[in-house]
Amino acid sequence: MMLTDPSKKYRPAYQRVDLPDRTWPNNSITKAPIWMSTDLRDGNQALFEPMNSEQKLRMFKALVAIGFKEIEVAFPSASQTDFDFVRGLIENDLIPDDVTIEVLTQARDHLIERTMESVRGAKHVIVHVYNATSPVFRETVFNLDKAETKNLAVKAAQKIKDIAAQHPETQWTFQYSPETFTATELPFAKEVCDAVTEVWEASATNKVILNLPATVEVASPNVYADQIEWMHRNLARREGVILSLHPHNDRGCAVAAAELGVMAGADRVEGCLFGHGERTGNVDLVTLALNLYSQGISPNLDFSDMNEVIRTVEECTRLPVHPRHPYAGDLVFTAFSGSHQDAIKKGFSMRNEDEFWEMPYLPLDPKDLGRNYDAVIRVNSQSGKGGIAYLLESNYGVVLPRRLQIELSQVVQVLTDTSGSEVRAQDIWQLFEQTYIQVKQPYHYVSYQPKHINESTEQITLTVQHNGEPQQLVGNGNGPISAVLNAFNLQLEVVSYEERSLGQGANAKAIAVIELVDKARNVSTFGVGIHDNITTASVQAIIACVNRLAVKEQAKVA
């Protein structure tokens with residue numbers, strides 16, 4: 001079955017704007033906008049089960065802790081639960097002095113009266129009134145013409161102003177939204193907004209909020225930016241207006257629309273944590289804020305404990321945060337790809353703490369969000385040597401030479417191909433131990449005894465069990481390593497040898513990594529030893545390597 005021919009069913013729903021001298025493409029965001037969280041209103045009304053009072057209070061406190069100074073707490077005329085929640089905040093003195101609560105109402109007298117009653121006695125309140133202004137709503141939903149639509153907004157504005165005047169103990173801010181703004185004719189949207197700000201006597205000393213919502217996202221972000229810039233240029237009493245955005249995400253472009261809208265002249269953004277809200281949600285304030293942060297601009301919001309924010313939102317809303325959600329998802333700082341892992345590992349190895357954060361594939365330091373680096377690199381069948389080496393280094397302090405990284409990655413690849421799933425750092429460590437350290441056949445190390453022969457000769461007496469039988473091997477050399485190699489009476493040659501400390505301090509263990517080639521059989525491999533004493537670690541590494549060479553030879557014969 002084919003999709004319907006869209007040209008016969010759909011047409012652009014937005015109102016085009018002719019703005020050839022638009023300026024927003026050349027602008028940059030240099031400071032954070034005013035943030036307004038509508039998690040408790042728009043976000044809440046979109047849930048399968050709206051939050052109860054306890055959950056709403058927990059969410060409110062979380063929003064305050066993050067740093068929101070404007071929080072839309074309810075639609076008080078919609079339910080007794082919302083009304084009571086607002087009253088509880090006020091009567092129990094739960095609103096910090098620097099936080100302004102916002103309440104929403106439709107442009108209807110009895111709903112305005114109920115809304116104003118709900119905030120009686122509050123110190124700082126934004127009263128947010130709206131009515132739909134687009135042609136499809138005027139004609140289809142409300143059966144109103146333009147004059148009647150404008151009159152509805154003006155009457156509501158006057159009603160709010162009159163009631164507020166009776167309560168001078170409250171610092172009032174008035175907000176108006178022409179709902180479905182993006183589908184409204186721009187001259188008419190301006191006409192209605194100007195009429196409202198005239199009633200409210202907007203001025204530089206009496207600011208009002210005009211909120212221009214993409215109630216349904218019907219156009220690309222550049223169109224929204226053009227609409228915002230046109231309003232920004234043409235509104236009457238602009239010096240008395242806080243121009244606000246309320247983008248929804250129906251086209252998946254809300255973040256871009258908000259950013260371009262701010263470039264186009266907006267002062268304020270309404271949205272929700274993680275993009276909650278009706279349909280596909282409101283604009284995601286977490287992403288917007290951290291986009292700024294990643295560019296060196298303070299968002300004035302604190303997400304330094306992202307896991308706690310996620311936990312609160314998930315428990316209150318019963319909606320999960322997607323594992324690939326920008327900045328917050330479990331997997332967004334995780335690389336499975338081998339090439340990504342190799343680049344990240346190299347980035348960490350070259351990074352100095354006092355430098356700007358410039359890391360391959362990591363636009364933000366996970367530690368800034370309260371995350372650690374444990375999950376940055378994870379290993380599955382798509383991974384490579386870089387990721388495996390990184391996990392061993394970051395979790396166990398083991399730095400592997402490049403050739404051993406390649407060899408070990410092949411060993412791990414067999415495991416991931418077999419299991420088909422992710423392997424953890426401890427799984428890789430166990431495999432590393434089994435493969436390169438705990439290799440005890442045919443030679444099982446028991447002890448060794450060094451002896452100084454002369455200035456150029458060292459002797460090692462090596463006690464082992466060879467295929468279960470006790471045996472002593474004696475070798476001479478210019479040092480302990482050559483002496484042990486000569487004790488085996490094989491044509492062994494050192495390809496590479498590295499030793500280093502595991503950790504710091506007097507109690508740190510030593511690790512020795514050796515690569516030997518059996519020249520008689522033209523085969524090479526690695527062995528590893530770990531011990532408190534570096535010489536003992538080196539002896540154990542040689543024995544592990546000899547055993548692995550023997551295993552390889554047996555496999556070739558078989």
Side-chain angles (χ1 to χ4, degrees), residues 32-47 50-76 81-82 84-104 118-119 122-128 173 175 209 211 244-247 254-255 258 268-278 281-293 298-321 325-328 369-370:
I34 301 166
W35 304 111
M36 200 288 291
S37 162
T38 185
D39 288 88
L40 296 171
R41 199 278 301 169
D42 204 339
N44 184 53
Q45 71 186 41
L47 301 178
M51 287 179 271
N52 58 34
S53 297
E54 181 181 345
Q55 292 166 328
K56 289 193 77 171
L57 182 57
R58 181 182 174 191
M59 180 71 83
F60 177 78
K61 290 179 177 179
L63 294 169
V64 170
I66 290 167
F68 286 98
K69 302 304 179 186
E70 296 183 3
I71 302 173
E72 191 168 50
V73 293
F75 200 146
T81 299
D82 268 18
D84 291 343
F85 177 71
V86 179
R87 293 308 310 154
L89 289 177
I90 297 167
E91 291 171 2
N92 296 310
D93 198 21
L94 298 174
I95 307 167
D97 289 342
D98 62 345
V99 171
T100 301
I101 61 169
E102 179 171 325
V103 285
L104 180 71
S118 75
V119 293
K123 296 175 183 176
H124 309 281
V125 177
I126 298 171
V127 183
H128 180 188
T173 302
Q175 174 172 333
I209 301 169
N211 188 55
S244 179
L245 309 175
H246 186 112
V255 167
R268 180 178 183 266
V269 178
E270 299 188 349
C272 290
L273 300 178
F274 309 118
H276 288 178
E278 295 284 11
N282 295 275
V283 68
D284 176 8
L285 298 184
V286 174
T287 300
L288 276 176
L290 293 176
N291 281 354
L292 289 178
Y293 185 81
S298 174
N300 302 322
L301 296 176
D302 182 3
F303 292 108
S304 60
D305 190 352
M306 183 61 78
N307 289 337
E308 176 60 24
V309 174
I310 292 170
R311 185 161 45 249
T312 299
V313 173
E314 288 187 334
E315 290 176 1
C316 289
T317 66
R318 300 182 180 87
L319 292 178
V321 173
H325 187 285
Y327 303 111
L369 305 182

Colleague: Do you see a donor-acceptor pair shorter than 3.5 Å between the side chains of His276 and Asn282?
Modeller: no

Colleague: Check whether any side-chain N or O of Asp42 sits under 3.5 Å from a backbone N or O of Gly277 as a donor-acceptor pair, and report yes or no.
Modeller: no

Colleague: Kindly indicate whether the side chain of Glu72, heavy atoms from C-beta on, has any atom under 4.5 Å from the side chain of Val103.
Modeller: no

Colleague: Is Trp35 reaching over with its side chain to a backbone N or O of Ala289, donor-acceptor style, under 3.5 angstrom?
Modeller: no

Colleague: Write down the atom of Asn307, the atom of Gly370, and the distance for their closest heavy-atom approach.
Modeller: ND2-O, 4.4 Å

Colleague: Between Asn92 and Leu94 (side chain of the first, backbone of the second, donor and acceptor by atom type, cut-off under 3.5 Å), is there such a pair?
Modeller: no

Colleague: Mind listing the closest non-hydrogen atom pair of Ala74 and Val86 along with its distance?
Modeller: CB-CG2, 3.5 Å

Colleague: Looking only at non-hydrogen atoms, find the nearest pair between Phe68 and Val99 and report the distance.
Modeller: O-CG2, 3.8 Å

Colleague: Contact between Tyr293 and Leu301 at the side-chain level, heavy atoms closer than 4.5 Å - yes or no?
Modeller: no

Colleague: Do the side chains of Leu319 and Val313 get nearer than 4.5 Å, heavy atoms only?
Modeller: no

Colleague: Kindly give the heavy-atom pair with the smallest separation between Asp93 and Lys123, and that separation in Å.
Modeller: OD1-NZ, 4.4 Å

Colleague: Should Glu315 and Arg58 count as an ion pair when the cut-off is N to O under 4.0 Å?
Modeller: yes

Colleague: Taking Arg268 first and then Glu270, would you say they form a salt bridge - that is, a charged N and a carboxylate O separated by under 4.0 Å?
Modeller: yes

Colleague: Can you name the nearest heavy-atom pair linking Pro33 to Val269, along with the distance?
Modeller: CG-CG2, 3.9 Å

Colleague: Do Asp284 and His325 have a side chain donor and acceptor closer than 3.5 Å?
Modeller: yes

Colleague: Given the rule in the side chain to side chain contact (heavy atoms under 4.5 Å, CB included) test, do Thr81 and Ser53 qualify, once you have shown the distances and angles that lead to the verdict?
Modeller: CA-CA 7 Å; Thr81 299; Ser53 297; 4.3 Å; yes

Colleague: Would you find a donor on one side and an acceptor on the other, under 3.5 Å apart, between the side chain of Gln55 and the backbone of Asn52?
Modeller: yes

Colleague: Check whether any side-chain heavy atom of Thr287 sits under 4.5 Å from a side-chain heavy atom of Phe274, and report yes or no.
Modeller: no

Colleague: Please name the pair of heavy atoms, one in Ser37 and one in Leu285, separated by the smallest distance, quoted to 0.1 Å.
Modeller: CA-CD1, 4.1 Å

Colleague: Quick one: does Ile71's side chain get under 4.5 Å of Thr100's, heavy atoms only?
Modeller: no

Colleague: Check for a donor-acceptor pair, side chain of Lys56 on one end and backbone N or O of Val73 on the other, with a separation under 3.5 Å.
Modeller: yes

Colleague: State whether Asp82 and Arg41 are salt-bridged, where the test is any N-O pair (Lys NZ or Arg NE/NH1/NH2 against Asp/Glu carboxylate O) under 4.0 Å.
Modeller: no

